[in-house]
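Working notes for the structure below.
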2 protein chains.
Amino acid sequence: MARGTYERQAMVRRSATGRIGIAEVAVKAGVSHATVSRVMNGNFTVDPEIAARVRAAAAELKYQPNPVGRSLALGKTDTIGIVVPDLANPTFQAILRGLSRAAAQDGYRVLIADSFEVSSEEAILAGEARRRCDGLVLCAPRMSDAELEEIVPSLHPLVLINRTTTAADVPSLVVDYGQGVQDLAGHLVDLGHTRLAFLAGPPRSASNGLRLQGLEAFKADHPQVEVLMLEGGSDFDTGHEAVDAVLDSGATGILAFNDLVAMGLMSGLHERGVDVPGDISVTGFDDIPFARYTTPALTTAAVPITELGQQAWEQMRALIRKEENDAPGSRYQPRLEIRASSGPAKAPRTATHG
Amino acid sequence: MARGTYERQAMVRRSATGRIGIAEVAVKAGVSHATVSRVMNGNFTVDPEIAARVRAAAAELKYQPNPVGRSLALGKTDTIGIVVPDLANPTFQAILRGLSRAAAQDGYRVLIADSFEVSSEEAILAGEARRRCDGLVLCAPRMSDAELEEIVPSLHPLVLINRTTTAADVPSLVVDYGQGVQDLAGHLVDLGHTRLAFLAGPPRSASNGLRLQGLEAFKADHPQVEVLMLEGGSDFDTGHEAVDAVLDSGATGILAFNDLVAMGLMSGLHERGVDVPGDISVTGFDDIPFARYTTPALTTAAVPITELGQQAWEQMRALIRKEENDAPGSRYQPRLEIRASSGPAKAPRTATHG
DNA sequence: CGCTTATGAGAAAACGCTTTCTCGGTAGTG
DNA sequence: CACTACCGAGAAAGCGTTTTCTCATAAGCG
């Protein structure tokens, strides 16, 4: 109080924008804004007495630094972006959740961008999100390999999920869908099924491609087993609508693209009076939380999906901090989760019904 | 080309940050950055020939304006924030999705903040998110009324979901859970049930409070019906673990807090060999997409949840644009969705079992 | 006691953009 | 032909911070 010069005015005039800025605090504390900034950032080259005065003024005015100004000065936003093809998909929701939680732990926020499965939008969304953030997680992009390779360099720091690139410094987290689908098919064959059908996912989905490759390998290993391909999608309705095609196929073991499709299919089969797994065995993929609660509980391949979101953040953090990353990316093995929706094959069915 | 003075240097020197900025474009086009800015923003007071030159330079350098600088200058971020108590909850996921989609249509992005049901974190998260964004959607906050009232003024523009405030200019979107639960209870009574049990949700949840109020009203209207209260939560496991309590209660009609709890409960009852709806009728709440695919399909009260997310954006947009809003907030009536999980009551059960 | 070296805080530049202000130049009008 | 009006583009001032630079003051040392 010795100086007595500060806080001349009782009323604080707010800046043009109406919000309290560093300038108001500086005036109230009788110091320059540089000093206020130093205090707010814990710079110890400030006289403790003055620091206390600044802190008091800041507290009284409820001053909170403007993050935009801060971002501009520091060149970072403490925000990362994520682009997903479909926010309605539990898989992407789980990744988002894992990512968001892990990032929050380190003081980062997450900006989301949903491409609604419109692959032509992805590059634009990704670019915009990236410029607003310190890094980007590109989740199962539907764009072509060529397009991906083209935009990847401009997106760094970048973490890819379920997609790979030749570019350096771009960690990829991929799930081994090929192996997973082979495990599921193997499980069905062990149960005596000899005629399987695969209910495929979205054509542009890379993970669908991996499943198809896995099934090719499986067919090569098991020449005695028939594996049919049926068109599909990635949601409930797809599975529900596939009932006729499934019954027509005469297959007794159905590999659905994912759990959602499997649930839709089971629901449809139930309506038709077809017993699962008595008449037909059904398997899903992902092991979403709902899978264990369906009736019958769904046999599926469990993907450690929330962990994947978290891992995405770990990789991103390493990139942002420019740390040496010993394991740039990783490969996740699905774990076979045998439940009640798969059972022994009954007498072979014929290809036509009704 | 008449001037011939621009583009003196073949090599463009990038700014300190390494990224291409407005300055590089200005140099390449031989104009000031003011002019570049004007061209980029479609200001028509620029000579068409110069504008073309600027556009060419921008395209060649792949110039994209830095959103942070832009935000600082314009005082807006084209981003809104949303705070949810639990990103794992399908209800909040759906709200997020509806919000994100609607906002994207108007060129806005969404920043998410998950409080993980830690109510003490909500105020901080909300404040931080708000400062980074042009507005905030506060979704079913768990904080006390007092705390809510205290922080609300500093959060404007603000849209509340499933919570109300006395502050002006804060639209509230609330679902009439009280009416919905009465409808469900009425449905069960119509089926002959006289002993109901309510599997409650999280204690701090306002929507749980509304359900309890609704049930009080219901009890007053139906003195002959017993309505028991059981402790619960909001997820699968809660429902699953409640099996014993439900069976002990002797109730034949169970009102679960939401669809998740109902599904967990049905799964548990199935494991115990209890028939739904033969022995016990179960109802959910929300009508999440999965509800129609459970076995038996779940009777529930449908909440137009994605529409709610969209409405949240409509309100937010009106606030941001400072439009007059004729309907600040709205009240949503759940729609009874009768499916197979509810059926006629069988002979009354005794309070003890086993 | 005078010179050099810390120390601490203000002035100013920087971050990248938008926008007001300013002014040279051209066209239009009496 | 002179004077005003207008148009288009550059200069410069913001937006709200952080950080470097600079300088006054005080302390340390011979």
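Lettering of chains follows the sequences in order, A, B, ..., and the numbering in each one begins at 1.
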Less than 4.5 Å apart, any side-chain heavy atom of [X] and any of [Y]?
| X | Y | result |
| --- | --- | --- |
| B:Leu158 | B:Leu138 | yes |
| B:Ile50 | B:Val31 | yes |
| A:Pro157 | A:Met316 | yes |

Rounded (10°) bend between the five-pair end axes of the helix from C:dC1-D:dG30 to C:dG30-D:dC1: 60°

From the list [options], which nucleotide is the closest neighbour of the side chain of [X]?
| X | options | value |
| --- | --- | --- |
| B:Val31 | D:dA9, D:dG10, C:dA9 | D:dG10 |
| A:His33 | C:dT18, D:dA9, D:dT17 | D:dT17 |
| B:Ala34 | C:dT19, D:dT17, D:dG8 | C:dT19 |
| B:Asp47 | D:dT18, D:dG8, C:dG16 | D:dG8 |
| A:Arg70 | C:dG10, D:dG14, D:dT17 | D:dT17 |

Side chain to side chain contact (heavy atoms under 4.5 Å, CB included) partners of B:Ser172, counting only residues at least two apart: B:Leu160, B:Thr164, B:Val174

Does OP1 or OP2 of D:dT18 have a side-chain N or O of A:Asn41 closer than 4.0 Å? yes

Are B:Tyr63 and C:dG16 close enough that a side-chain N or O sits under 4.0 Å from OP1 or OP2? no

Could you tabulate the donor-acceptor pairs under 3.5 Å formed by side-chain atoms of residues 62-69 of chain B, not counting sequence neighbours?
unit_1: B:Asn66; atom_1: OD1; unit_2: B:Val68; atom_2: N; d: 2.7
unit_1: B:Asn66; atom_1: OD1; unit_2: B:Gly69; atom_2: N; d: 3.3

Hey, are A:Arg109 and B:Glu128 close enough for a salt bridge, meaning a charged N less than 4.0 Å from a carboxylate O? yes

Any Lys/Arg nitrogen of B:Arg142 or B:Glu122 sitting under 4.0 Å from an Asp/Glu carboxylate oxygen of the other? no

Gap between atoms [atom1] and [atom2], on [X] and [N] respectively (whole Å):
| X | N | atom1 | atom2 | result |
| --- | --- | --- | --- | --- |
| B:Lys76 | C:dT18 | NZ | P | 11 Å |
| B:Asn43 | C:dC17 | CG | P | 17 Å |
| B:Ile50 | D:dG8 | CD1 | C1' | 8 Å |
| A:Arg19 | D:dT17 | CZ | C1' | 15 Å |
| B:Leu74 | D:dG14 | CG | P | 17 Å |
| B:Arg132 | D:dC15 | CZ | P | 21 Å |
| A:Glu24 | D:dG16 | CD | P | 8 Å |

For B:Gln64 and for A:Phe44, find the nucleotide of DNA chain C with the closest heavy atom, then tell me which residue's nucleotide is more 5'. A:Phe44

Which is more 5' along DNA chain C, the nucleotide nearest B:Thr35 or the one nearest B:Leu72? Just name the residue. B:Leu72

Closest heavy-atom contact between B:Ala140 and B:Pro85? O-CG, 3.5 Å

Return all side-chain donor-acceptor pairs below 3.5 angstrom for residues 95-107 of chain A, not counting sequence neighbours, or 'none' if the list is empty.
unit_1: A:Asp106; atom_1: OD2; unit_2: A:Trp313; atom_2: NE1; d: 2.6
unit_1: A:Asp106; atom_1: OD2; unit_2: A:Arg317; atom_2: NH1; d: 2.7

Touch class at under 4.0 angstrom, heavy-atom based, for B:Val68 against every strand present: nothing

Would you mind classifying the nucleic acid contact of A:Thr45 as base, sugar-phosphate or nothing, using non-hydrogen atoms under 4.0 angstrom? sugar-phosphate

Nucleotide N/O of nucleotides 21-26 of chain D paired with protein N/O under 3.5 Å:
none

Would you give me the side-chain donor-acceptor pairs under 3.5 Å for residues 143-150 of chain B, sequence neighbours excluded?
unit_1: B:Ser144; atom_1: OG; unit_2: B:Glu147; atom_2: N; d: 3.1
unit_1: B:Asp145; atom_1: OD1; unit_2: B:Arg163; atom_2: NH2; d: 2.8
unit_1: B:Glu149; atom_1: OE1; unit_2: B:Thr165; atom_2: OG1; d: 3.1
unit_1: B:Glu149; atom_1: OE1; unit_2: B:Thr166; atom_2: OG1; d: 3.0
unit_1: B:Glu149; atom_1: OE2; unit_2: B:Thr165; atom_2: OG1; d: 3.1
unit_1: B:Glu149; atom_1: OE2; unit_2: B:Thr166; atom_2: N; d: 3.1

